[in-house]
Amino acid sequence: MKNIKLYKIFIYVSLIALAISIVIPLSWVFMSSIKENSEFYASPWNLPKGIYFKNFIDAFIQAKMGEYFLNSVIVTALSLIILLVVALPASYVLARYEFKFKKIIDLLYMAGLFINVNYIVVPIFLMLLDWDKFLWQYFKLEFFINNIFVLAIVYAATSIPFTVYLLTSYFKTLPKAYEEAAYIDGCGYFSTMIKIMFPLAKPSIITVILFNFLAFWNEYIIGLTLLPSSSKTLPVGLVNLTQAARGKAEYGMLYAGLVIVMLPTLLLYISVQKKLTEGMTLGGIKD
């Protein structure tokens with residue numbers, strides 16, 4: 001019994017320490033974002049004397065964080081839509097049906113899990129650059145570089161292996177009785193997939209959306225490489241803001257930029273926190 005109590009105490013202390021290590025830096029960033037620049041020279045740990053919203057205005061307008069924010073919203077939304085449109089049917093088919101070359105396709109998806117996308121950024125860039133050279137040579141057009149839609153496709157494509165693996169594992173846990181009941185009621189294969197199976201997979205789909213949203217929203221290297229001269233995404237813009245703010249010693253605007261980047265992810269997690277854990281019994285049939 002003593003060992004169990006000591007173990008629980010250790011767990012609670014560890015969790016409290018972890019929470020403190022996260023809450024304190026977050027609170028410090030939020031407080032710093034509403035400070036005037038002069039307040040940083042006295043002590044960065046002092047509470048703000050008031051609420052200085054001009055930091056956010058300067059970050060949105062002068063540092064173009066508003067433009068970068070919109071770009072990240074568009075890229076992330078497009079990436080998630082493309083990813084779900086491709087991965088959901090693929091995962092369902094791989095989980096529920098037997099067909100030729102299924103094992104090979106499963107093996108390819110599994111192999112994709114071990115590929116770090118940062119290692120193939122240069123080949124992707126050179127491939128798209130060659131396609132742009134072809135278009136320019138024959139049609140005087142440029143499409144694949146500096147294109148937000150192409151960036152969204154690359155994001156979605158690089159996340160397909162993990163997404164398919166996760167969704168396939170969940171679909172396999174759902175009893176076939178749901179599909180059999182749908183077929184008896186007159187539903188076809190497509191209707192059963194859309195109306196029955198996808199709603200049952202809602203907890204897994206929300207998890208996939210959350211993980212991929214965080215990956216797309218915070219991605220830096222691919223966004224920097226594929227958008228070299230056009231408008232940037234938010235993480236790339238934040239790095240530019242960091243460099244500019246250090247040179248000008250405008251710390252309030254810098255922390256306002258950090259808040260702009262962090263706030264959507266925090267709000268998303270808070271909004272879906274309950275949904276991530278609810279409905280976990282959907283894989284069983286209720287009597």
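All figures in this text were calculated on a predicted structure; none of them were measured in a lab.
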>> As a quick check of understanding, evaluate ring pair (Phe, Tyr, Trp, His ring centres under 6.0 Å) for Tyr138 and Phe134, giving each step before the final call.
In response: CA-CA 6 Å; Tyr138 292 98; Phe134 175 82; 4.9 Å; yes
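- Between Phe171 and Phe198, the ring planes lie tilted relative to each other; the angle falls in the 30° to 60° range.
- The shortest distance between side-chain heavy atoms of Val75 and Phe216 does not fall below 4.5 Å.
- Side-chain N or O atoms of Glu39 include none that pairs as donor or acceptor with a backbone N or O of Asn46 at under 3.5 Å.
- In the hydrophobic clustering of ILVMFWY residues, with side-chain heavy atoms under 4.5 Å counting as a link, Ile104 and Phe114 come out apart.
- When all heavy atoms of Ile196 and Ala182 are compared, the pair lying nearest together is CG1-CB, 4.0 Å.
- No continuous path of hydrophobic side-chain contacts links Val13 to Leu6 [ILVMFWY only; heavy atoms under 4.5 Å].
- In this pair, Trp217 and Phe213 present their aromatic rings parallel. The plane angle is below 30°, not in the 30 to 60° band.
- Hydrophobic clustering, with ILVMFWY side chains joined whenever heavy atoms are under 4.5 angstrom apart, groups Leu70 together with Leu234.
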> Is there a ring pair (Phe, Tyr, Trp, His ring centres under 6.0 Å) between Tyr255 and Trp28 once you walk through the steps?
Replying inline: CA-CA 9 Å; Tyr255 287 109; Trp28 188 69; 5.2 Å; yes
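- The neighbour count for Tyr12 OH, taken as heavy atoms of other residues, nucleotides or ligands under 6.0 Å away, does not exceed 12.
- With Leu80 as reference, Ile209 is the one residue of Thr163, Ile209, Val85 to meet the side-chain contact (heavy atoms from CB on, under 4.5 Å) rule.
- Counting only heavy atoms from C-beta outward, the side chains of Thr233 and Val236 approach each other to under 4.5 Å.
- A distance-only check finds a donor-acceptor pair linking the side chain of Lys102 to the backbone of Leu94 [under 3.5 Å].
- The backbone N or O of Ala156 sits nowhere less than 3.5 Å from a side-chain atom of Ser159 that would complete a donor-acceptor pair.
- For Lys232 (side chain) and Leu227 (main-chain N/O), a donor-acceptor pair under 3.5 Å exists by modelled atom type.
- Within 6.0 Å of the CD1 atom in Ile11, the count of heavy atoms belonging to other residues, nucleotides or ligands exceeds 12.
- In this structure, the side chains of Ser21 and Leu18 come closer than 4.5 Å at one or more pairs of heavy atoms.
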